[in-house]
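Beneath this line is the structure, given in structure tokens, with notes to follow.
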Amino acid sequence: MSFPVLRGMATSAAGDGNVKALRIADVNIGLEAESPAMDVAFAGTHAAFLAESPRPEIEIRAEWSELSPDTNGAQVFNAGDTWHLARSNGHYILDFFTPLCGRVPYKRLTANCDWSRGRVTLHRAFYDTNQPVHPFDYPLDELLLVHYLSQRSGVIVHGCGIVDETGAGYLFVGHSGAGKTTTALLWNDLPGVTILSDDRIVLRRSEGRVLMHGTPWHGESHLCAPGSAEIRAILLLEHGTGNEFAPVKRAEAVADLVARSFLAYHDGAGVAGVVSLFEQILTEVPCLRFSFAPGVAAVEAVREWARRGNG
Amino acid sequence: MEQARAENSTPSKRRYAEPVLTEVLLRPEEAVLGNCKIAGTAGPLQGDCLSPGICYGGTS
């Protein structure tokens, strides 16, 4: 299978109905409808990340077709009911499932081995083909970036990224229920503060610096924004009765960050690259366990910690 | 003299610390994007989702 360079990618942010582009964490993603009658769209918070992209780093074509359960490939990873990854003839094949559609995937991404080009095939029978379609929806969007970044010194972490009025970035990392959305809401009303996302933040090394980037993937607060910042501190978030910081050994911090990130677990080199990235980040950025009680005092505790020069 | 030698050499030596195994919690379904928390169960057709292609991964 070949992946020709997309034509007409120099489009406006609004697009022409069949060609669209997003920019997430400095990665330009082009999406073009290959089937003539297909109207591709980004929706939801993706809209805030629309971009002009004359030279996308990732090029995706979308088409209607009929899919079958058989990929004719060797299984690489099985994520349970939602997606499976296989490999065939040097390509990756990501199949997406829902219990209502049974064993037939409702969508398939066939991608080249460095995840820079791909084709999304949507199973025609499961869609209203007269309506705009969103081939780049969850979890394809995140999985594509997970794999692309794992080969390029980047990672998506389960975290809330906040940039204060001075431009300093604070990354609050935690599993579901740790307090990321609560933290985002506590900071959101402060003047000059930007919430890059209350749930998903991309970390990337670029030109010798590690930046945290906003993503369109938000949590229950629906707060997210494009943008990036240098990281002043990484705080491993947990609920508590007060607001307390505790030191974390670097090796333990790396493990905690890995456990709160989204990795291509089938790709040993990719996982090793992410571990190495975290090790590098933690030589430059302080990482603490932050036990907090929901309230404005938690925000003030972080600000006070930074004022004391700990950052 | 032995005592003096030991005292002199002490600052340059790190005390042996026994390796410690620390267990870190990993939530497999979250880690592999195997669920959709808004819907409450796996798959974009679940919960409030009505058709494929309308789920935007709103999780927390």
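Naming: A, B, ... by sequence-line order, numbering from 1 per chain.
- Taking both residues in full, the closest heavy atoms of A/R260 and B/L25 are given as NH1-O, 4.5 Å, listed atom of the first, atom of the second, then distance.
- Neither the backbone nor the side chain of A/F96 has a heavy atom closer than 4.5 Å to any heavy atom of chain B.
- In this view, A/R124 and A/W64, A/E66, A/T129 satisfy the side-chain contact (heavy atoms from CB on, under 4.5 Å) rule, not counting sequence neighbours.
- For A/S261, the part sitting under 4.5 Å from any heavy atom of chain B is the backbone (N, CA, C, O) and nothing else.
- A pairwise comparison of heavy atoms in B/L33 and A/T82 identifies O-OG1, 3.9 Å as the closest pair.
- Residues of residues 15-24 of chain B lying under 4.5 angstrom from chain A, judged on non-hydrogen atoms, are B/T22, B/V24 in numerical order.
- With sequence neighbours excluded, the residues that form a ring-ring contact (aromatic ring centres under 6.0 Å, His included) with A/F262 are A/H158.
- Listed here is the closest heavy atom pair of A/S176 and B/E30: OG-OE2, 2.8 Å.
- Counting all heavy atoms, side chain and backbone alike, B/V32 lies closest to A/W83 at O-NE1, 2.8 Å.
- Neither the backbone nor the side chain of A/L122 comes within contact range of chain B; no heavy atom of the residue lies under 4.5 Å from a heavy atom of that chain.
- Every residue two or more places apart in sequence or in another chain that forms a ring-ring contact (aromatic ring centres under 6.0 Å, His included) with A/Y92 is listed here: A/W115, A/H266.
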